[in-house]
Amino acid sequence: MSVLRAEGWLKDQHESVLRQIESRGRLRSYQAKTLVFLKGKSLTHYFFVVKGLVAVYRQNSEGKRWIASLIGEGTFFPHIGFDRPSAVYPANAETLTECTFLIVHRKDMVCLMREYPSLQEHLTQFLSEKNQELMTRCSDSLLESAAHRLAQLLKQLALQSEAQAEDGWYLISDTLTEENMADYIGVTQETVSRIMSRFYQGNKVKRVGRKKIYVNPEQLDR
DNA sequence: CCATTAATTGGCA
DNA sequence: TGCCAATTAATGG
């Protein structure tokens with residue numbers, strides 16, 4: 001039954017609300033690197049991430065892409081279209097890992113918002129936070145170095161996973177490839193690799209195999 | 001063990 | 001920094 005937990009975006013929501021959302025959605029699993037929706041297509045569904053990680057991105061005609069936002073467990077996407085029946089998806093979305101979503105029709109989502117004011121309020125707050133994040137990322141892209149942007153991303157992932165912290169080190173496991181990070185901060189994967197090498201040498205980041213990345217947020221700030 | 005995919009490195013624009 | 005090429009390393013059957 002309860003696949004949605006009161007964590008992440010749904011934190012502080014009553015159990016009854018979670019169940020209502022669940023009752024109006026259907027579960028579906030996707031393999032890694034699967035397209036979820038395309039930019040410009042009619043916005044018919046919202047996706048709650050029960051498991052996995054998704055990239056919402058735009059791409060130019062030459063194939064270069066920019067990840068506008070990373071969607072992890074406990075939140076949903078896209079973040080627009082609640083007000084307009086004719087809304088279209090604002091970007092493409094692709095699973096970076098194997099994923100499980102609770103998929104809800106746009107219309108049902110709108111009804112839920114109306115029926116549960118707490119959800120509506122939550123959404124407003126959530127959107128304003130996202131707005132701030134986006135502004136910061138955009139200004140960082142123009143004002144800060146690539147190393148700084150990568151550091152911000154790693155810290156965000158570290159604190160977000162918040163699972164395994166030990167003496168200042170956080171584990172980020174099995175999520176982003178360096179290519180994903182590159183698409184997120186707007187550089188090539190070679191550049192990410194070189195910056196990562198500097199982080200290893202500066203004891204800001206450690207790596208075990210290809211999958212486990214340990215981050216030390218404090219060292220990263222120096 | 002092999003095939004595939006990811007990460008690293010050097011050279012040059 | 002980006003782009004290309006070559007190489008090495010890890011991962012998943």
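Each chain gets a letter, A, B and so on, in the order the sequences are listed, and its residues count up from 1. Every heavy atom of this structure was used, including side-chain atoms; hydrogens, water molecules and symmetry mates were not.
- Comparing C:dC3, B:dT8, C:dT11 by their closest approach to the side chain of A:Arg194 singles out C:dC3.
- Of the candidates C:dA9, B:dT8, C:dT1, the closest approach to any side-chain atom of A:Ala146 belongs to C:dT1.
- The residues A:Lys155 and A:Asp221 are annotated as salt-bridged, a charged nitrogen and a carboxylate oxygen being separated by less than 4.0 angstrom.
- The separation between A:Tyr200 atom OH and C:dA9 atom C1' is 12 Å, rounded to whole Å.
- Ranking C:dT11, B:dA6, B:dA7 by closeness to the A:Lys211 side chain, first place goes to C:dT11.
- Each of A:Ile71, A:Leu157, A:Asn180, A:Leu176 was checked for a side-chain contact (heavy atoms from CB on, under 4.5 Å) with A:Leu53, and the lone residue meeting it is A:Leu176.
- Of the N and O atoms on the side chains of A:Glu129 and A:Gln125, at least one donor lies less than 3.5 Å from an acceptor on the other residue.
- Each of A:Phe76, A:Phe77, A:Phe48, A:Phe37 was evaluated against A:Phe101; a single residue qualifies, A:Phe77, per the ring-ring contact (aromatic ring centres under 6.0 Å, His included) test.
- For the pair A:Leu96 CG and B:dA6 P, the interatomic distance rounds to 11 Å; values are reported in whole Å.
- Within the 4.0 angstrom heavy-atom criterion, no nucleotide atom of any strand lies near A:Lys212.
- A:Ser197 has a side-chain polar atom (N or O) that falls below the 4.0 Å cut-off from OP1 or OP2 of B:dT9.
- You'll find the ring centres of A:Tyr46 and A:His105 outside the 6.0 Å limit.
- On a pure distance criterion of 3.5 Å, no polar donor-acceptor pair joins the side chain of A:Arg210 and the base of B:dA7.
- For the pair A:Arg28 and A:Tyr30, the cation-pi criterion (under 6.0 Å, within 45° of the ring axis) is fulfilled.
- Of the residues in residues 183-192 of chain A, A:Glu190 come within less than 4.0 Å of DNA chain B through at least one heavy atom, sorted by number.
- To the nearest angstrom, C1' of C:dT1 lies 16 Å from CG of A:Leu142.
- For A:Asn180 and B:dT5, the CG to P distance is 15 Å, given to the nearest whole Å.
- Distance, A:Glu178 CD to C:dT1 C1': 16 Å, rounded to whole Å.
- Atom-to-atom, CD1 of A:Ile195 to P of B:dT9 comes out at 14 Å; the value is rounded to the nearest Å.
- Rounded to whole Å, atom P of B:dT8 lies 13 Å from atom CZ of A:Phe199.
- Not one N or O on the side chain of A:Thr97 forms a donor-acceptor pair closer than 3.5 Å with the backbone of A:Ala32.
- Counting to the nearest Å, the P atom of B:dA6 and the CE atom of A:Met196 are 15 Å from each other.
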